[in-house]
There are 2 protein chains.
Amino acid sequence: MDLDERKKKILRAIVQDFIMTAEPVGSRTIARKYNFGVSPATIRNEMADLEEMGYLEQPHTSSGRIPSNQGYRYYVDHLMEPASLDEAEKQLIRVSYRDKVKEISEVIRNTGKLLAQLTNYAALVVTPHIDRNIVRFIQLIPLHKGQAIVLVVMEPGAVYHKIMDLPENITACDLETISKVFNAKIQGHQMSEIKLTLIREIYLELLRYKYLVQSIMELIDESSDAKEEKIYLGGVFNMLNQPEFHNIERVKTLLSLLEQEALLRELLETGEDDKGVTVRIGKELKHADMQDCSVVSARYQLYGDPLGTIAVLGPTRMQYDKVVSVVEYLTNNLSRILDELYGPRSGK
Amino acid sequence: MDLDERKKKILRAIVQDFIMTAEPVGSRTIARKYNFGVSPATIRNEMADLEEMGYLEQPHTSSGRIPSNQGYRYYVDHLMEPASLDEAEKQLIRVSYRDKVKEISEVIRNTGKLLAQLTNYAALVVTPHIDRNIVRFIQLIPLHKGQAIVLVVMEPGAVYHKIMDLPENITACDLETISKVFNAKIQGHQMSEIKLTLIREIYLELLRYKYLVQSIMELIDESSDAKEEKIYLGGVFNMLNQPEFHNIERVKTLLSLLEQEALLRELLETGEDDKGVTVRIGKELKHADMQDCSVVSARYQLYGDPLGTIAVLGPTRMQYDKVVSVVEYLTNNLSRILDELYGPRSGK
DNA sequence: GGTTAGCACTCGTCAGGGGAGAGTGCTAAT
DNA sequence: ATTAGCACTCTCCCCTGACGAGTGCTAACC
């Protein structure tokens, strides 16, 4: 399992070269470009060894080698040095968070954009499952005769609103009452609890407004649905620049996969809830149509609790060093920003 | 300029066949498939005439003909019969609007989705320029110590919110006051006016809260920016199914074009503000990289006033009969729904 | 024993050539 | 005016052969 120093160097050179050029790498190239002090023949012998050990593959006899899944894995685990972000990139990140508003959806979207932009691959960001979320605040605002806005604020700073119709005989004062009852009952509780027990109590207190209560609960439900769907997915077009996606059929199957919410969630489940950055390569992703893709993901946190995941999806021939650095940096950055925004106030 | 009956029939057959198959159409095919009572040779003569008159083109000597821009134009103007929607499609439309909420952005997005889904091309929907919009309502809602939500409701039913920080010494009561002043001054005025004169008055009345006023104005500004950007663009992937977009380079140039807001707006400017459906074909779009595309667009209205535009973008080889019908149907449908939602209440 | 030069071999790519097929235009007959 | 026949054109596809990149093996070298 362990490789001697020269084999490591050669494997690293092959992986890096293949990542750059997307062409199978030959012994001559390696010997020349990375000037080892040895001849191509020697490299060839080493490459044959590496292939036998499972780190390299040959698309056909007599073409160069390309890294196998195992080769990439070894590279990621032992060989690569994270390529830390340069000052311009850090600057870009700072600037793009600076003027952002306080709402979590904005922050998420912004992070996704940055992720795609900095890596040139596809970016995914998810917020956590709503059931663990807490309702912070509910308010009914009279709008016009016959209409009102329901405003729901969730704990990590998400705001939802909806316009609803009112029965004829409701006054602004009634709305105020309803808001109060709702807040008293709901505030600070998790979504899952609300659905089970609280709703009955509220019904009792607000029998008069049966219809309204129903509507409000609907919005809350919708918020959770909406939120579940809120996977940011961006930078898919970046994939078109990768030579492995130069035929339309491949692109179409990938796109249709990415349209499936469920699959995206699956992609992001790191299994273990590791801290730190997780890299899954090719077959490790299980899904048959993704064998030529890799995912680099990490969880971001709010005051130490894992809140959601950010991830980059690209071809297995991915710039791991760069991507891992970016994901790591953005995760930390995101956690820090969320702490600043919501941490101190969000109780406990 | 006028064509005799047989030429019309032949032109129609060629256009329809080419739209179906994407292959140049030969005289034999026409004679056989569309059983005219005449031989291919006759058709050939007619086709030669049509080519001379500018309705057809030959990719190279001795291949079939394809319609020219002018050919499509004649087809759209004189030959095609609109393919009215079948019951299943109407049903789909009804269902997808039924449970939709009252907010305009939802309605827009829904319409865009439907448009893409029904036509299998790319769909665009724009809302009108914000400057003509009217602020209906503003409210500050205290959220926590130190934070508040600003809620802005625009006239055609769009709602925006933003969380903002408060100075230490502001009370819920202060917020109420500010809301009142804002509403008194702003309600019912157009955005453009607000920016010029009202802001000064408000400043005077609310000197104490200078910082807050600024933040609120910012949100309003942002709303307008956000709204300007709010061009719904969907179904772009449908394009990948069209043979004319089977090479990646073409797709990439198209995508990069569609990323440019300005260009999209230009695409949707119908020049004349016609009622009804406008079709622009190939070169009529002006833009060099869109010579092989067509746009079918129409304005939707709120109580008779044009409010925004919906459009379908596809290859020149587009199913015009179908698309025109869908655009027409959805425009009317959309106008009707908007009237129901906002019409009766929206002043006047 | 590790390293290297040399050499035969394999395989993919690319340009060139030829045949098949589709479609045309023209001419002459109907 | 219509049609059949025919020569012509052009694309597409397949086959071929040359080329180049890269390999594996063997024998020589340090």
Side-chain angles (χ1 to χ4, degrees), chain A residues 2-11 13-18 20-68 71 243-244 246-247, chain B residues 2-11 13-18 20-68 71 243-244 246-247:
Chain A
D2 246 6
L3 303 177
D4 66 45
E5 215 41 54
R6 193 169 66 188
K7 282 200 173 56
K8 284 186 187 174
K9 263 191 176 167
I10 290 176
L11 181 54
I14 292 175
V15 173
Q16 287 177 351
D17 201 83
F18 184 65
M20 291 301 292
T21 64
E23 301 285 328
V25 189
S27 55
R28 182 113 144 254
T29 321
I30 294 297
R32 199 176 296 165
K33 259 210 240 175
Y34 296 81
N35 40 328
F36 290 77
V38 297
S39 80
T42 312
I43 308 273
R44 259 195 314 271
N45 290 329
E46 296 283 40
M47 282 164 84
D49 290 353
L50 284 169
E51 183 173 357
E52 205 174 350
M53 296 162 85
Y55 295 106
L56 296 179
E57 287 171 357
Q58 238 176 335
H60 41 265
T61 347
S62 112
S63 72
R65 259 84 169 192
I66 63 176
S68 65
E244 28 274 273
H246 260 28
N247 83 74
Chain B
D2 247 6
L3 303 177
D4 66 46
E5 214 41 54
R6 192 169 65 188
K7 283 202 173 56
K8 284 187 189 175
K9 263 190 176 167
I10 290 176
L11 180 55
I14 292 175
V15 173
Q16 286 177 352
D17 202 82
F18 184 64
M20 291 301 293
T21 64
E23 301 286 326
V25 189
S27 54
R28 182 115 143 252
T29 322
I30 294 295
R32 200 176 294 167
K33 259 210 239 175
Y34 296 80
N35 39 328
F36 290 77
V38 297
S39 81
T42 311
I43 308 275
R44 245 176 351 250
N45 289 330
E46 297 283 41
M47 282 165 84
D49 289 353
L50 283 168
E51 183 174 356
E52 205 177 349
M53 296 161 84
Y55 295 105
L56 296 179
E57 286 170 358
Q58 238 175 336
H60 41 263
T61 345
S62 114
S63 72
R65 259 81 169 194
I66 63 176
S68 65
E244 29 273 273
H246 260 26
N247 82 74

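The sequence lines fix the lettering, A, B, ..., with proteins before strands; numbering per chain opens at 1. Only a predicted model underlies this, so the values are computations on that prediction, with no experimental measurement involved.
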(message) Given C/dT24, D/dG24, C/dT4, identify the nucleotide with an atom nearest to the side chain of A/Arg65.
(response) D/dG24
(message) I need the CD-P distance between B/Glu23 and C/dG23, as an integer number of Å.
(response) 10 Å
(message) Salt bridge or not between B/Arg65 and B/Glu51? Use side-chain N to carboxylate O under 4.0 Å.
(response) yes
(request) Could you state the atom-to-atom distance from CG of A/Asp4 to P of C/dT3 in whole Å? (result) 9 Å
(request) Rounded off to whole Å, could you give me the CD-to-P distance for the A/Glu57 and D/dG22 pair? (result) 18 Å
(message) Nearest whole Å is fine: how far is D/dT11 P from B/Ile66 CD1?
(response) 14 Å
(request) Please report, rounded to the nearest Å, how far the P atom of D/dT11 is from the CD atom of B/Gln58. (result) 11 Å
(message) Starting the side chain at C-beta, find the nucleotide from C/dT24, D/dT9, C/dG12 nearest to A/His60.
(response) C/dG12
(request) Report the nucleotide, chosen from C/dT3, C/dG6, D/dT3, that has the shortest atom-to-atom distance to any side-chain atom of A/Arg44. (result) C/dG6
(message) Nearest whole Å is fine: how far is D/dG24 P from A/Leu50 CG?
(response) 12 Å
(request) Take atom CD1 of B/Ile43 and atom C1' of D/dA4, then tell me their distance rounded to the nearest Å. (result) 15 Å
(request) Write down the distance between CZ (B/Arg28) and P (C/dT24), rounded to a whole number of angstrom. (result) 10 Å
(request) Identify the heavy atoms of A/Phe18 and A/Glu23 that sit nearest to each other, and give their distance. (result) CD1-O, 3.1 Å
(request) Go through C/dC11, D/dC10, C/dG25 for me and flag the one nearest to the A/Thr61 side chain. (result) C/dC11
(request) Kindly point out which of D/dT23, D/dG24, C/dA5 is positioned nearest to the side chain of A/Ala41? (result) C/dA5
(request) Specify the residue among A/Thr42 and B/Asn45 whose closest nucleotide of DNA chain C lies further upstream toward the 5′ end. (result) A/Thr42
(request) Report the residue (B/Ser62 or B/Pro40) whose heavy-atom-nearest nucleotide on DNA chain D is the more 5′ of the two. (result) B/Pro40
(request) Can you establish whether the number of heavy atoms outside A/Lys9 located under 6.0 Å from its atom NZ is more than 12? (result) no
